[in-house]
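Residue numbering restarts at 1 for every chain, and letters A, B, ... go by the order of the sequence lines.
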Number of protein chains: 2
Amino acid sequence: MLQVSRKFEYGLHAVTYLATKGLGRVVTVKEMADELGFSQEFLSKAMQSLKRAGIAASVQGVKGGYMLGKSTDAITVADIAIAIEGEPHLVRCGVKADRCEIFSSCHHRGYMNTLQHKIQVLLAATTIHSLLKEVAG
Amino acid sequence: MLQVSRKFEYGLHAVTYLATKGLGRVVTVKEMADELGFSQEFLSKAMQSLKRAGIAASVQGVKGGYMLGKSTDAITVADIAIAIEGEPHLVRCGVKADRCEIFSSCHHRGYMNTLQHKIQVLLAATTIHSLLKEVAG
DNA sequence: GTTAAACAGGACTATTTTAACCCTATTATC
DNA sequence: GATAATAGGGTTAAAATAGTCCTGTTTAAC
Ligand code: SF4
Ligand code: SF4
């Protein structure tokens, strides 16, 4: 329970990788996959999600690739999580009420929702900038 | 990502149900399943986990059933999560290092581990006692 | 002491989610 | 026009979760 997906971790690694390369530098998926040690195809999907969210920017064509779409202190871990996994739903009923058979009689939905919010606050508290500092120091 | 399991929610509901019945009262799985509206067989597994963790106590035989094993302010949401899902592992490498192909080159393991710890602190901050008050108030 | 109602738990199956792969555009450089 | 890259749909494979079944053990009641 409560384990992050591999895709999210791929995405986070990719973003920190791009960050160390500087804001302007264009990097291909192939380079990142080789350097970080994971599947090119799968990372590619993660990058597409990050791009749609504006976290990464892409350049198409032969000399194309990805770069960061924002400065490192404008990207939080929560942003990456949402870009890749979509809106967070700690409980099934968050997706759609009828996903839970006891929705109408459930009394701790309120608590679960505040819990989810607190977790989001935790994720939003770390920017890529601060994460890189933490890793270095 | 980061969704709690149904079994955990079943367990949490069961514990709050037992709590409202008072510490001494013995309740059968059948009664709880009927009352809360979920599968007897599946709830039974959750109760067995809760019992092993000391959160619930059981009485075997004809007039048997379950009751709380501790007072409501000695049980936290984290306790229930651990009883049912086992030790939390936000990242794959927490289970076993070789579950992650990039373990040796990963730089944000430290961050992920502190994140996990903070989530545990959140869960441990709510006792069943305080949860019930929150629901009532 | 036999019966019946309950917990205990192993083993299996089904469902859902996640991960991975494949294949075809499209874009832009050379 | 060839090539190297992103964009993305669709399919398959693997893993985790949910749910079921079946057998045993305990104990109150008769
Ligand atoms: S049990 Fe309550 S909180 Fe959980 S999914 Fe159902 S309605 Fe939502
Ligand atoms: S990427 Fe890092 S934190 Fe995540 S599982 Fe691998 S070693 Fe652990």
Side-chain angles (χ1 to χ4, degrees), chain A residues 1-11 14 18 25-34 37-53 55-67 69 81 83-86 88-89 91-92 95-96 99-102, chain B residues 1-11 14 18 25-34 37-53 55-67 69 81 83-86 88-92 94-96 99-102:
Chain A
M1 144 185 180
L2 290 187
Q3 185 165 311
V4 301
S5 71
R6 194 170 297 232
K7 198 170 172 188
F8 164 76
E9 290 211 72
Y10 275 34
L18 287 178
R25 166 83 187 289
V26 171
V27 180
T28 66
V29 167
K30 187 173 186 312
E31 175 183 335
M32 277 192 282
D34 286 351
F38 30 65
S39 147
Q40 198 169 323
E41 287 278 5
F42 197 48
L43 175 60
S44 169
K45 300 292 186 187
M47 292 315 298
Q48 287 171 26
S49 300
L50 291 172
K51 192 236 158 171
R52 276 190 286 264
I55 293 168
S58 71
V59 175
Q60 288 197 317
V62 169
K63 286 278 179 183
Y66 289 96
M67 54 194 159
I84 288 186
E85 308 284 346
H89 297 294
V91 282
R92 286 180 301 295
V95 184
K96 202 157 182 295
R99 282 247 191 155
C100 182
E101 59 279 4
I102 60 169
Chain B
M1 145 183 182
L2 291 186
Q3 186 165 310
V4 301
S5 71
R6 196 170 296 234
K7 199 171 171 187
F8 165 76
E9 291 213 70
Y10 275 34
L18 288 178
R25 165 83 186 289
V26 172
V27 180
T28 67
V29 167
K30 188 174 185 311
E31 175 184 334
M32 278 192 282
D34 286 352
F38 29 66
S39 147
Q40 198 168 322
E41 287 279 4
F42 198 49
L43 175 60
S44 169
K45 300 292 184 189
M47 292 315 299
Q48 286 171 27
S49 299
L50 290 172
K51 192 234 158 172
R52 276 190 286 265
I55 293 167
S58 71
V59 176
Q60 288 197 318
V62 170
K63 287 277 177 184
Y66 289 96
M67 55 194 159
I84 289 186
E85 309 284 346
H89 296 295
L90 190 60
V91 283
R92 286 179 302 294
V95 184
K96 202 157 182 297
R99 283 249 191 153
C100 181
E101 59 278 5
I102 60 169

Quiz item: Phosphate oxygens OP1/OP2 of dG19(D): is one of them under 4.0 Å from a side-chain N or O of R6(B)?
Solution: yes
Quiz item: Could you state the CD-C1' distance from Q40(B) to dG19(D), rounded to the nearest angstrom?
Solution: 13 Å
Quiz item: Would you call R6(A) and E101(B) a salt bridge, using N to O less than 4.0 angstrom?
Solution: yes
Practice problem: Find the distance between CD (Q48(B)) and OG (S44(B)) and round it off to the nearest 0.5 Å. | Solution: 4.5 Å
Self-check item: Position toward the 5' end of DNA chain C (nearest nucleotide), G64(B) or E101(B)
Solution: G64(B)
Quiz item: At what distance, to the nearest 0.5 angstrom, does CG of L43(A) lie from CG of L50(A)?
Solution: 8.5 Å
Quiz item: Which distance, rounded to the nearest 0.5 Å, do you find between the NE2 of H89(B) and the CG of L2(A)?
Solution: 12.0 Å
Exercise. Take the angle between the ring planes of F38(B) and Y10(B) and call it parallel below 30°, perpendicular above 60°, tilted in between.
Key: parallel
Exercise. Whole angstrom is fine here: how far is it from CZ in F38(B) over to P in dT17(D)?
Key: 19 Å
Practice problem: Identify, between V4(A) and V27(B), the residue whose nearest nucleotide on DNA chain C lies closer to the 5' end. | Solution: V27(B)
Quiz item: When the distance from CG of L2(B) to P of dT18(C) is rounded to whole Å, what number comes out?
Solution: 10 Å
Quiz item: Can you give one letter per nucleotide of nucleotides 21-30 of chain D, going 5' to 3': B for a protein heavy atom under 4.0 Å from the base, S for sugar-phosphate only, - for none?
Solution: BB---BBBS-
Exercise. Rounded off to whole Å, could you give me the CZ-to-C1' distance for the F8(A) and dA19(C) pair?
Key: 17 Å
Exercise. Check the distance between dA6(C)'s P and R25(B)'s CZ and give it to me in whole angstrom.
Key: 12 Å
Quiz item: Any side-chain N or O of R52(A) less than 4.0 Å from the OP1 or OP2 oxygen of dG8(D)?
Solution: yes
Exercise. Please work out if R92(B) contacts a base, only the sugar-phosphate, or nothing of the nucleic acid, heavy-atom cut-off 4.0 Å.
Key: nothing
Quiz item: Can you check the M47(A) CE to dA5(D) P distance for me, whole Å?
Solution: 15 Å
Self-check item: Heavy-atom pair with the smallest gap, counting every atom of A53(B) and A83(B)
Solution: CB-CB, 3.4 Å
Quiz item: Which value, rounded to the nearest 0.5 Å, describes the distance between I55(B) atom CD1 and Y66(B) atom OH?
Solution: 13.0 Å
Protein-nucleotides 13-17 of chain C N/O pairs closer than 3.5 Å?
from	atom 1	to	atom 2	distance (Å)
dT17(C)	OP1	R99(A)	NH1	3.1

Quiz item: Do the charged groups of E85(B) and K7(B) touch, with an N to O distance under 4.0 Å?
Solution: no
Quiz prompt | Atom-to-atom span, CG of L18(B) to P of dC7(C) - whole angstrom | solution = 11 Å
Self-check item: Salt-bridge present (R25(A), E31(A); N to O < 4.0 Å)
Solution: yes
Self-check item: M47(B) side, atom CE; I84(B) side, atom CD1 - distance, nearest 0.5 Å
Solution: 8.5 Å
Quiz prompt | Y66(A) side-chain N/O to dA7(D) phosphate OP1/OP2 under 4.0 Å | solution = yes
Quiz item: If you check the T28(B) side chain, which of dT18(C), dA6(C), dA18(D) turns out closest?
Solution: dA6(C)
Quiz prompt | Nearest to side-chain heavy atoms of V29(B), which nucleotide of dC7(C), dT6(D), dC21(C) | solution = dC7(C)
Quiz item: Is the shortest side-chain N/O distance from S58(B) to OP1 or OP2 of dA8(C) below 4.0 Å?
Solution: yes
Quiz item: K7(A) NZ to dT18(C) C1': how many Å, rounded?
Solution: 10 Å
Quiz item: Is the phosphate of dA7(D), meaning OP1 or OP2, less than 4.0 Å from a side-chain N or O of K51(A)?
Solution: yes
